[in-house]
Amino acid sequence: MSATTASASQPSSQQPPPAPPTADTVLGLASRDPSAAAALLPELPPDALDDILASLSAESAAGHLGLLPAILALSPSPSAASAALASLLSAPSWPSATLLAVASLLRDLPPAYRARVPALLGKILSLLPSADAQDLPALAYQLLLLASKPLHPRVVLAGLLRFFGGRRAARIRAPPSIARQVEGTVLMNVAFAVKQDPALAREVLAAVKADTAGSLSGFAVAVLLFVARVRRFNESALGVLRDAATLSRRDCRMSRQCKWLPDCTKEECAQAAQCVEKGLLKAVDESIGGREQVVPSTVQLGFLLLEVSDGDRGEQAGLGEGVMTTEEIGIIMLKSLFEIHGMARTEIIEQCKFRILSAKPQQSTPVLRLLGCLIQSHPFPMLEYTAHLKEVLDYFSFMNDKISTGLISCLLPLTKFNRDLKDYIILVVRKAMFKREDTVRIAATNAIIELIITESRKNEANPFEDSSSQPSSSQLPETHPEFGRGLFQELSGLLRRCLSQQTSVKEILYEGLVRIVTSDPAAADTVLDFLWPHFINYYSEDAECPLKIDSCFKVENARLCIVEPLDCLLSCISKILRIQQTSRCEKPRDACSKFFGFAASQDNEAGRASSDLFVKALSSIQKYFRISLTEDQRGQSQEVGSLSSPSEMAHCHNFAMLGIIEVFVDFAASKLEKASDESKEMIEKEILELVDAHSGFERKTSNVRERIARRKGNAGDATDKHTSEPKESSNASLQKLHGKRGKFVDSSLYELAVTCVKRCDADNYNNSSQRPSQTKLNQSSNLVSFVLKAFLEVFKSLETKDGGDFRIKLYEDLKKLIQPITQLVWCILLDSNQENGGSKRNTTQGKKNIECKKDQLYLALKCLKELLEPNASDHSSNIIDVLISLAPPNLEDMMDAGDLDKNDTTTVEDQSARNVHVFLNIMKMLYARLLSQSLLHESEAVTELILGISRKLHLEQRHLIGSWATDLCRKRSIQSPSMAREVVNLAIQLTPAPDDLILVCEMAAELKKTFTSENDGSKDSSDTFHIINCKTKNTLAALALRMVELSITELEWGLGKLKAMLTLCYDSGNISEDQPADESMQRLALEEALYLRSTLVVHLLSSFAHMSLKAQAEHFLKLTAKFYKLLTRMSKSQIAPKGYRQSIPSLKFQKLAEVTCRMLTAPLYDFVSSVQENQQAQNLAKIRRESKCIPDLIYQIEDYEKYLIQLSKLTKLNLLRHAKRSVARDFRITGNSGGQQQEEDHTPDNAAASDNEPDEDAGGSNTPVESYAGENASSESEHDEDTGGPNAPVEGNADENIGRSFACGSPVLEFESDGEEEILAQRKRAKTRQIVQDSDEEEDK
């Protein structure tokens, strides 16, 4: 029974064998389960594998494409595999699923098919714009996995940066919100991959750094900020971002300076700088939603940008409009982070505190600006960090004076909301006032003044304002309800202590008191009461001379010291009295004394206010000056006490009198506005007498200074006759005294200028009708000089200010002063007697008049330059309009038509532009007149004016002015080297490229003739350029070499840009992507301009190679070696990297190589020989310097030719057709040093190499390039061996040995050739003739 059952069940347990898999079944299974389908592939026959490969295409399902690595691993038919891959690559577009599938399978391809990865990868990256937005994060993740394999990581990362960075019109096809989410997911994938694979992080840094050559996108910034979160890559990632911002600004600045650069390159540099700005700021804006993890890195980056000292602040840096500096970018980034992220505020404040206390003053200044911006824009959040600010204030006494003063200025706005902070500042300032250092006391004095002014402005804006952050009313001390005088009373003890400090502290105090009264005119009586006890120490009412001038100086340790700057004190009092009179503040007289708490002394009479006492005192002093200055011997009474004193005491006494007289001139001029006609005449007479006395003291000061300089052996420390300022004072304190005088109020200066214009008009009328007296002419002349110097002092004081708001305010303040100073300038510029110096009664008086008019012209031009200076006002065009509107009506009649170009004014329709051209024509007329009179300083001032205005003109209009300056060089014969240099420099600066360097080449050719004619004595001047003569040739040669140096610097930068473009071009070839046409055209334009400029430099250096230079020989050798080093870099850039197709160099490059070999290299060897021959007549130091230059030059030439040989072999072009063989530099020096010693000859290797040369030539197999390569390699190895060995090189020490032998009187024996060496020389000459013949034959062909 059991057996029957077993036999019955046996057939049912045996299942039929499964059918063998086919291609269709595998593909069907792959659609559901790719891994199960891949397991069946080994069972398929080869034909089935080929069928599966044939079915694969771009439209295939993702599961089908996933079988490709497994199929290729089974070694299918090569033709079928190639056909499948070719089908994928040839498809014009791929679906998103195909892109994702191919990206995921690339890393699994068998090694035999890894060569196909770059093509497939390039196809994927090129099709990224067509992918669906939801597939992009997964696709990027697969590509990152491929990069970490590692398989072509640089290509993968560069492609992702280009796509997500928006380069070349690549965009995500999705709404902005979705695109931002996609980009954020990709960034998270990058951050995760970088943390897991440090090698990939390095590749990311390298890829971003290469990408910054074009522009830095916001995606690249975000990537680096994520990478910076990894500690080991923090510094490197942030350094890449910092360098990108710095270099983009440097490139923008250089592009604006290079006249020869194509316009497309200039625009690209400006766009790259703006792109970096947008990328950095975009990273801050997008850090608010889901990217908070990059906030610490962004804070670090912001402070790194603040620390960059690239000197790009200001308009003079040449960044142009729309481009921010690195400091501005850093401030905006940190300010935005402070506003957006509360968690970043503490870190920002801590970093500010740390950098203010530890960094250098130059690096702390931007941090102070940031702190000031934060306090101004976010005062209430900043109140939470008062404790941090107090910690910074604790180091007030140990900071730099500028930093401590700036810190107080930043914190003062917060004192309006926090009384405790103000009290703490007062406490810190009290401690600082007792320090020994002058700078600390000055900073403390400034802080006190700023505190009082801030308190006055706060109470003036809202007298009843009470901050919620202040203590309760029961805790507040009782304060006076009127303005800032309560704080003035509180700090009066500290201010009184300032009156016993050094002179510099007193000067700051006096200026600050005027500012306090200006902000609060009601405090004038209080301040005057404060000053009166100090003033009576230097004032005696009953004495013959009211002022105790001798008490202002003392001698300590045989050194003269200034105790009291009396002129600053009198100026302070005078200005306060005028402010008080203007404000008409009526207040009970006893209020000040009650408020200020001063006890009436015996000097302060009861019932009399200090203002009345000061008015009486100043009237007494003014009366004394009026009486004493009318005497024949003016100033004698003041100098009675100083005649017996040392000359330095008399010098200080005269300087003090200069400042005092200026104060009373200012005081008298303030009365002119409201005075009657009769009173005006008396006041004007008084002003003329004071100005005349001022001129006398200036002459005495100049004479005393010259005597002191001669006594100390410093005759060169003379006075600058144009500014009456000492080049080097004999006493440091005297310099401080002189630097603080000459402070005028705008209203007084305006009245002085109006009076001066009236006097000039009256003198011109008297000159035409009758001959005026010499006294009146001298008085008018002194008044003109005095007013012009006063204006210059005002401009110099305004130059120290900064800020855009202040510039606007400055222009508003200057509006009133522009009209009289402009009229005064016109009177001087268009003076008909300028050329002959006016009427001459005698020769001496005529010379004085001429010198005086020259000084006035120089001062007028300086004032005009300051008015048009960009940092003084941004309204230079408006000022020019005012200048032209105030010009005399007969302006065209007064101008010399022969010196003007009428096309400059007749073709301009805009009135403002027409005014600019009229003004330039006037300057050109004046410039021609100054050149004819050989006035150096005046011509330099006009040159600066013409250059400053011409830079704002259109290129064509600027070219017209350059042509005019070039005509001056051709037609004007100038003997002064300095003036010739200024004229030629003006012509070069205003001539556009390439005409500017062509002009220099033409002048260098004429200089060559002049240097050549110096030896034969044929002629001493040029017929083409009359400005070139025997007196100016050395100066002009130095200027031409300076142009070469500037050109080399610009070419080095341009070559760096070209190499970056070539790198981008090679990267495009890596991913099978064609470079856009605009980028290719831009690269070709830059390359052409670069080689054209280099060719002009070759022509210029070639002219110098034919000159017999003496002083400039060493500089010429260094510049030439530097230029050949640049040419070597150009040649290397033309050689394609390994694995890339070598392209043929452009025709411009071939022309450059030909011109260099033919016109520069060949003459240089002769120049070097002549330099070595002339070294025997030179000193030993110069011989040593030139001995270092010559071997370096020879090495750079040979290195350049070596790369030309390599390029010639690669391109099959003979770039050395016109090259000259290097001369033999083997020689032996024999000298006597105690006994006859012979130096060994270091030339056996050279001789051996020469012996082999005939055999190579006899073979006939080597082309001229190949034979030259062998020789060049030999020469290079010799040079390296000589320079690197322990023995000194023959080339480097030969000239030194010659000099040493020559100095010791030992003979220098020439090398005597024996028979063998004569044969070698003949062989070398024969080989040289063969190369020359071959080159000539190639030229004939």
Side-chain angles (χ1 to χ4, degrees), residues 835 896 898-901 920-921 923-947 950 958-1047 1096 1099-1104 1106-1112 1115-1116:
E835 294 192 30
D896 188 3
D899 294 329
L900 303 181
D901 188 357
L920 282 174
N921 283 340
M923 290 295 102
K924 291 193 291 186
M925 176 270 297
L926 181 62
Y927 192 63
R929 181 184 299 177
L930 295 176
L931 291 179
S932 62
Q933 297 180 8
S934 299
L935 300 180
L936 175 60
H937 296 286
E938 291 79 1
S939 62
E940 289 177 352
V942 177
T943 301
E944 294 176 358
L945 282 172
I946 295 176
L947 279 176
S950 299
R958 194 187 314 164
H959 193 189
L960 292 176
I961 304 176
S963 301
W964 163 79
T966 304
D967 291 338
L968 289 179
C969 298
R970 296 181 185 275
K971 300 176 182 178
R972 289 277 182 175
S973 179
I974 300 176
Q975 301 298 322
S976 172
S978 300
M979 294 187 68
R981 181 181 63 248
E982 291 296 329
V983 176
V984 175
N985 185 52
L986 178 64
I988 295 173
Q989 294 292 331
L990 297 180
T991 303
D995 296 337
D996 56 344
L997 214 53
I998 292 176
L999 173 62
V1000 181
C1001 292
E1002 293 176 355
M1003 298 188 71
E1006 295 298 321
L1007 284 172
K1008 179 178 66 175
K1009 299 177 182 178
T1010 307
F1011 276 96
T1012 305
S1013 62
E1014 181 182 5
N1015 300 327
D1016 52 17
S1018 58
K1019 61 178 181 178
D1020 56 355
S1021 63
S1022 172
D1023 297 333
T1024 306
F1025 293 91
H1026 293 174
I1027 200 172
I1028 300 177
N1029 51 59
C1030 59
K1031 295 182 179 180
T1032 62
K1033 61 181 181 180
N1034 290 325
T1035 302
L1036 297 182
L1039 178 61
L1041 290 177
R1042 174 62 179 167
M1043 280 297 302
V1044 172
E1045 186 174 2
L1046 292 177
S1047 299
L1096 292 175
H1099 284 278
L1100 182 55
L1101 290 174
S1102 175
S1103 298
F1104 280 93
H1106 292 86
M1107 300 182 192
S1108 56
L1109 298 176
K1110 296 180 181 178
Q1112 296 91 355
H1115 188 41
F1116 170 69

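Note on residues 983-999: pairs passing salt bridge (Lys or Arg N to Asp or Glu O under 4.0 Å), not counting sequence neighbours, are Lys259-Asp996, Asp996-Arg1093. For residues 978-988, no residue pair satisfies the salt bridge (Lys or Arg N to Asp or Glu O under 4.0 Å) rule, not counting sequence neighbours.
Residues meeting the side chain to side chain contact (heavy atoms under 4.5 Å, CB included) test with Leu968, sequence neighbours left out: Tyr927, Leu931, Trp964, Arg972, Val983. Residues satisfying the ring-ring contact (aromatic ring centres under 6.0 Å, His included) criterion with Phe1116, sequence neighbours excluded, are Phe1167. Partners of His1099 by side chain to side chain contact (heavy atoms under 4.5 Å, CB included), not counting sequence neighbours, listed by chain and number: Cys1001, Thr1095, Val1155, Met1159. A search for salt bridge (charged side-chain N to carboxylate O under 4.0 Å, His left out) contacts involving Glu940 returns nothing, not counting sequence neighbours.
With values rounded to the nearest 0.5 angstrom, Leu1096 atom CG is found 8.5 Å from Ser1047 atom OG. For the atom pair CD1 (Ile1028) and OG (Ser1022), the distance works out to 5.0 Å, reported to the nearest 0.5 Å. With rounding to the nearest 0.5 angstrom, the CD atom of Gln975 is 5.0 Å from the NZ atom of Lys1031. Leu1007 contributes atom CG, which lies 5.0 Å from atom CE of Met1107 (distance to the nearest 0.5 angstrom). In this structure, Met923 CE and Glu944 CD are separated by 13.0 Å, a value rounded to the nearest 0.5 Å. With rounding to the nearest 0.5 Å, the separation of CG in Leu1041 from CG in Leu1036 is 11.0 Å.
Considering every non-hydrogen atom in both Ser939 and Met979, the closest pair reads OG-CE, 3.9 Å. The heavy-atom pair separating Phe1104 from Ala1040 by the smallest distance is CZ-CB, 3.6 Å. Across all their heavy atoms, Gln1112 and Ala1037 have their closest contact at NE2-CB, 4.4 Å. Of all non-hydrogen atoms in Ala987 and Cys969, the two that sit nearest each other are CB-SG, 4.0 Å.
Side chain of Ser950 to backbone of Leu947: no donor-acceptor contact under 3.5 angstrom is found. Of the possible polar contacts, one joining the Asn1029 side chain to the Ile974 backbone as a donor-acceptor pair under 3.5 Å is found.
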Decide yes or no on side-chain contact (heavy atoms from CB on, under 4.5 Å) for His1026 and Ser1021, but give the supporting numbers first. CA-CA 7 Å; His1026 293 174; Ser1021 63; over 6 Å; no
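Side-chain contact between His1115 and Glu1045 is present, with at least one heavy-atom pair separated by less than 4.5 Å. Pro977 is not listed as a side-chain neighbour of Asn1034, based on a closest heavy-atom distance of 4.5 Å or more. Counting heavy atoms from C-beta outward, Ile961 and Leu986 have side chains that stay 4.5 Å or more apart. By the 4.5 Å heavy-atom criterion applied to side chains, Thr1010 and Phe1025 are not counted as neighbours.
Checked for salt-bridge contact, Arg970 and Glu1002 meet the test: a charged N lies under 4.0 Å from a carboxylate O.
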